[in-house]
Amino acid sequence: MSATGSESTADGPIDHPSVGLFVTCLADIYRPNVGLAAVALLEKVGCSVEVPQTQTCCGQPSYNNGDLAGAARTARNTIEAFEDFDYVVSPSGSCAGMLRDYPRLFESEPGWQQRARAMAGKTHELISFLTDVRGLTAVDTSFHHAVTYHDSCHGLRALGIKEQPRRLLATVSGLALRELNDSEVCCGFGGTFCVKYPEISGRMVADKASDITATGARVVLGGDLGCLLNIAGRLGREGNGISVYHVAEVLAGMADVPGLGDPTDSGGRSR
């Protein structure tokens, strides 16, 4: 792997920054292999990684449904768990985006808002952190499959993540990327959106599955497990044999396990 290996702050260069990994609920429960892949990638670019055991949800379900007090309680717990690290990194644009939104929850609490701003400023989605902060330009691994890539809404629109995963995937030996028609269109998951509007959500993911199938790729990748679980569920019901992986699993050389929703999928490697 190629990376710059250091960056500067007001206190000087950070050669081996400490990173608090925000694993996410979905990775912890459904796909621990994503967390393990994230740790492997972060360590290969010189980071010291810890996974705070007191972390819980990012608070987005509460926030999006108007329970701002509940979201603030979750945010306080997250800030206390992560604020002492040089960086906070998550393998999810959705969760990283929520952590960056924490200052909005404390407009009437200046002390907490200051702490929230400090943490938000050092919070990053995994792939953009590897490329934009640590300067990673290539990975030394192989994946001999034709793949397509789904851009998640939060990563794309809130964090500007689009070219970063594609640049790294271009260096994976044997991988052929077939771009997805309407790759920037939502898959229909949207957290509680799929619960509130199941008919609309179902149509959206059906369209997404159709576009994926049309590429001829046998693997679909993405950076958010919410999207990927939704897509894997639809593809599985259609029985077309397309596998689904988080992009970190491929970049870390850890996609040697069944894909999401595959018949023998048990979440990847044991925790």
Side-chain angles (χ1 to χ4, degrees), residues 1-7 14-24 27 31-51 86-93 95-96 123-152 155-156 159-180 183 215 217-225 227-228 242-260 262 267-269:
M1 295 191 179
S2 301
T4 59
S6 65
E7 59 275 336
I14 304 177
D15 291 324
H16 301 288
S18 63
V19 168
L21 181 65
F22 189 84
V23 176
T24 81
R31 194 69 171 179
N33 197 49
V34 172
L36 295 172
V39 171
L41 289 166
L42 290 167
E43 289 181 341
K44 286 180 179 178
V45 294
C47 299
S48 172
V49 186
E50 293 185 37
V51 183
D86 294 322
Y87 295 101
V88 182
V89 176
S90 177
S92 164
C95 294
T123 295
H124 301 269
E125 183 272 342
L126 173 66
I127 306 304
S128 64
F129 177 77
L130 294 171
T131 58
D132 301 340
V133 178
R134 295 301 288 169
L136 182 66
T137 59
V139 293
D140 183 18
T141 190
S142 62
F143 191 70
H144 295 279
H145 298 280
V147 311
T148 191
Y149 194 90
H150 167 70
D151 296 291
S152 70
L156 181 69
L159 303 178
I161 301 166
K162 184 173 178 67
E163 296 305 321
Q164 297 94 323
R166 288 169 171 82
R167 288 200 301 267
L168 294 183
L169 287 171
T171 70
V172 176
S173 177
L175 185 147
L177 178 63
R178 299 180 181 178
E179 287 292 357
L180 179 65
S183 66
T215 67
R218 304 311 298 167
V219 175
V220 57
L221 306 176
D224 268 277
L225 275 175
C227 301
L228 295 177
I242 297 175
S243 294
V244 181
Y245 291 90
H246 191 287
V247 64
E249 297 178 281
V250 170
L251 295 177
M254 295 171 62
D256 55 345
V257 296
L260 282 161
D262 285 354
R269 291 170 171 79

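Bear in mind that the values here come from a model prediction, so they are computed numbers and not experimental data.
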Undergrad: Please confirm whether the backbone N or O of Val89 pairs with a side-chain atom of His124, one donor and one acceptor, at under 3.5 Å?
TA: no
Undergrad: For residues Ala138 and Leu168, report the shortest heavy-atom separation together with the two atoms involved.
TA: N-CD2, 3.9 Å
Undergrad: After noting the C-alpha distance and the side-chain angles of Val250 and Leu169, does the key distance pass the side chain to side chain contact (heavy atoms under 4.5 Å, CB included) rule?
TA: CA-CA 8 Å; Val250 170; Leu169 287 171; 4.2 Å; yes
Undergrad: Is there a donor-acceptor pair under 3.5 Å between the side chain of Asp224 and the backbone N or O of Gly93?
TA: yes
Undergrad: Does Lys44 come within less than 4.0 Å of Asp140, counting only side-chain N to carboxylate O?
TA: no
Undergrad: Do any N or O atoms from the side chain of Glu249 and from the backbone of Val247 form a donor-acceptor pair under 3.5 angstrom?
TA: no
Undergrad: Hey, are the side chains of Leu251 and Leu41 touching, using non-hydrogen atoms and a 4.5 Å cut-off?
TA: yes
Undergrad: Does the plane of the ring in Tyr245 sit parallel, tilted or perpendicular to the ring in Phe143? Use 30° and 60° as the thresholds.
TA: perpendicular
Undergrad: Considering all heavy atoms of both residues, which atom of Pro17 and which atom of Asp86 are nearest to each other, and what is their separation?
TA: CA-OD2, 3.4 Å
Undergrad: Within the structure provided, determine whether Ile242 and Val219 are in side-chain contact (heavy-atom separation under 4.5 Å).
TA: no
Undergrad: Please check: side-chain N/O of His246 versus main-chain N/O of Pro91, any donor-acceptor pairing under 3.5 Å?
TA: yes
Undergrad: Let me see the working for Arg166 and Glu179 under side chain to side chain contact (heavy atoms under 4.5 Å, CB included), right down to the final yes or no.
TA: CA-CA 10 Å; Arg166 288 169 171 82; Glu179 287 292 357; 2.8 Å; yes
Undergrad: Between Pro165 and Ile161, is there a side-chain heavy-atom distance shorter than 4.5 Å?
TA: yes
Undergrad: Kindly determine whether Leu136 and Phe129 satisfy side chain to side chain contact (heavy atoms under 4.5 Å, CB included), including the steps that lead there.
TA: CA-CA 9 Å; Leu136 182 66; Phe129 177 77; over 6 Å; no
Undergrad: Closest heavy-atom contact between Ala40 and Met254?
TA: CB-SD, 4.1 Å
Undergrad: Using a 4.5 Å cut-off on heavy atoms from C-beta on, say whether the side chain of Cys47 contacts that of Arg134.
TA: yes
Undergrad: Using every non-hydrogen atom in the two residues, find where Cys95 and Thr24 come nearest and quote the distance to one decimal.
TA: SG-CG2, 3.7 Å
Undergrad: Would you say Leu42 and Leu130 make side-chain contact, with heavy atoms under 4.5 Å?
TA: yes
Undergrad: Taking the side chain as every heavy atom from C-beta outward, state whether Ser48 and Glu43 have any atom pair closer than 4.5 Å.
TA: no
Undergrad: Could you grab the distance from atom OG1 of Thr141 to atom CG of Leu175, nearest 0.5 Å is fine?
TA: 10.0 Å
Undergrad: Distance from Leu177 atom CG to Leu221 atom CG, nearest 0.5 Å?
TA: 8.0 Å
Undergrad: Using 0.5 Å steps for rounding, measure from the CG atom of Asp132 to the CD atom of Gln164.
TA: 4.5 Å
Undergrad: Report the C-alpha separation of Ser243 and Asp262 in whole Å, then their side-chain angles, then the decisive distance to 0.1 Å, and conclude whether the side chain to side chain contact (heavy atoms under 4.5 Å, CB included) test is met.
TA: CA-CA 7 Å; Ser243 294; Asp262 285 354; 3.4 Å; yes
Undergrad: Compare every heavy atom of Ser183 with every heavy atom of Lys162, then report the nearest pair and how far apart it is.
TA: NZ-OG, 3.8 Å
Undergrad: So which atom in Thr171 and which in Arg167 form the shortest heavy-atom distance, rounded to 0.1 Å?
TA: CG2-O, 3.6 Å
Undergrad: When you measure from the side chain of Arg178 to the backbone of Thr148, do you find a donor-acceptor pair of N or O atoms at a distance under 3.5 Å?
TA: no
